[in-house]
Amino acid sequence: MGILNVTPDSFSDGGEWFERDAAVSRGSELFFQGAAIVDVGGESTRPGAAPVPAAAERERVVPVVEALAGLGQVSIDTSKAEVARAALAAGATYVNDVTALRGDPDMAGVVADAGCEVCLMHMLGEPRTMQEDPRYDDVVAEVAAFLEERLAGAVAAGIAEERISVDPGIGFGKTLAHNLELLARLDEIAALGRPVVVGTSRKSFLGRITGRDDPHQRVFGTIATNVLALERGARVFRVHDVAATRDALAVAAATLAAHERP
Ligand code: HH2
């Protein structure tokens with residue numbers, strides 16, 4: 001899953017793809033590099049990001065979704081039902097909701113009616129304050145229990161279970177230690193029985209380990225986490241650097257397949 005942030009303020013690529021034409025050409029490039037899905041977002045979720053009104057978010061993403069929909073699967077990264085509805089009408093077939101359908105009471109209905117795919121992500125608190133001293137007794141058990149509960153809620157709201165993926169929400173209300181424990185024990189999230197999406201790309205915990213302050217320099221760290229996540233059962237890898245990650249995952253997957261052969 002390639003990341004396309006049509007925002008002025010995303011933590012690593014804010015402003016790079018804010019103009020429609022730049023965004024469309026970046027999205028095409030991500031498909032060309034081998035992304036199966038391009039995830040289009042019009043609002044940053046980084047701690048302290050300014051909220052974007054629904055109409056402005058819609059205006060950012062809809063023309064980009066429309067232009068990319070013929071090239072591959074397009075996902076809309078939003079927690080607003082109005083934005084999701086417009087993006088689905090423009091050709092998106094996947095809703096990536098970092099609030100796991102809690103952010104907008106109409107979102108579950110929009111997804112159920114569209115019959116599209118949806119990713120339910122764990123977040124502790126809300127983006128503005130989520131990094132202020134997050135605490136868990138057992139982060140993996142708590143994230144798994146949350147995702148199980150949201151999965152049941154989504155099915156009860158009429159969303160087909162086979163269209164639902166789950167995501168532990170790396171960096172969303174988590175310390176460095178929490179992120180690493182979630183990655184190390186990702187098999188416990190995969191045990192929920194739904195495809196696991198993992199989003200580590202260029203995130204600050206990688207900079208904490210490597211000393212890389214510039215998010216663009218965190219691609220090697222990103223790759224390490226995605227290879228480990230693949231081995232532990234993750235199936236969708238949300239990244240900015242598609243070409244590099246794709247090669248690494250192809251080699252890792254071939255190696256894992258050799259081990260599985262009788
Ligand atoms: N991370 C971000 C945004 N959306 N969605 C899922 N499912 N999983 C994630 O880990 C995830 C996500 C944050 O990254 P990014 O889009 O690069 O930054 P920003 O929110 O600042 O636009």
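Just so you know, ligand 1 is whichever comes first in the structure, and atom 1 is the first atom listed for that ligand.
- In this structure, of Glu43, Arg46, Arg238, the residue bringing a heavy atom nearest to atom 12 (C) of ligand 1 is Arg238.
- At least one N or O atom of Asn96 sits closer than 3.5 Å to an N or O atom of ligand 1.
- When atom types are taken as modelled, the side chain of Arg194 and the backbone of Glu162 share a donor-acceptor pair closer than 3.5 angstrom.
- Those atoms of ligand 1 with a heavy atom of Cys119 less than 4.0 angstrom away are 7 (N).
- Other residues, nucleotides and ligands place no more than 12 heavy atoms under 6.0 Å from the CD atom of Glu148.
- When heavy-atom distances to ligand 1 are checked against a 4.0 Å cut-off, Ser44 comes that close through both its backbone and its side chain.
- For atom 8 (N) of ligand 1, the closest non-hydrogen atom on the protein side is Asp167 OD2, 2.7 Å.
- Of all protein heavy atoms, the one closest to atom 20 (O) of ligand 1 is Thr45 OG1, 2.5 Å.
- Not one N or O of Val197 is nearer than 3.5 Å to an N or O of ligand 1, by distance alone.
- Looking only at protein heavy atoms, the nearest one to atom 22 (O) of ligand 1 is Ser10 OG, 2.5 Å.
- Taking every heavy atom of both residues into account, Gln73 and Phe31 meet most closely at O-CZ, 3.4 Å.
- A side-chain donor from one of Thr200 and Thr225 sits under 3.5 Å from a side-chain acceptor of the other.
- Within the 4.0 Å heavy-atom shell around ligand 1 one does not find Gly41.
- Using modelled atom types and a 3.5 Å distance limit, the side chains of His240 and Glu16 yield no donor-acceptor pair.
- The nearest heavy-atom contact from the protein to atom 17 (O) of ligand 1 is His240 NE2, 3.0 Å.
- Using the six-membered ring where Trp is involved, Tyr136 and His178 have ring planes that are perpendicular, over 60° apart on the 30 and 60° scheme.
- Among protein heavy atoms, the minimum distance from atom 1 (N) of ligand 1 is reached at Lys203 NZ, 3.0 Å.
- In Thr200, neither the side chain nor the backbone holds a heavy atom less than 4.0 Å from any atom of ligand 1.
- Looking at heavy atoms from C-beta onward, His259 lies out of side-chain contact with Thr255 at the 4.5 angstrom threshold.
- The closest side-chain donor-acceptor pair between Glu57 and Thr78 falls under 3.5 angstrom.
- Of the protein's heavy atoms, Phe11 CD2, 3.2 Å lies nearest to atom 18 (O) of ligand 1.
- Residue contact check: Gly199 has heavy atoms under 4.0 Å from atoms 10 (O) of ligand 1.
- Side-chain atoms of Ser204 do not come within 3.5 Å of backbone N or O of Gly207 as any donor-acceptor pair.
- For Asp241 and Arg202, the salt-bridge test passes: some basic side-chain N is under 4.0 Å from an acidic carboxylate O.
- Connection of Val64 to Met1 is not established within any shared hydrophobic cluster, with ILVMFWY side chains joined at heavy-atom distances below 4.5 Å, either directly or through further cluster members.
- At a heavy-atom distance under 4.0 Å, only side-chain atoms of Asn5, from C-beta outward, approach ligand 1.
- Not a single heavy atom of Thr7 sits under 4.0 Å from any atom of ligand 1.
- For Val98, every heavy-atom contact with ligand 1 shorter than 4.0 Å involves the side chain, none the backbone.
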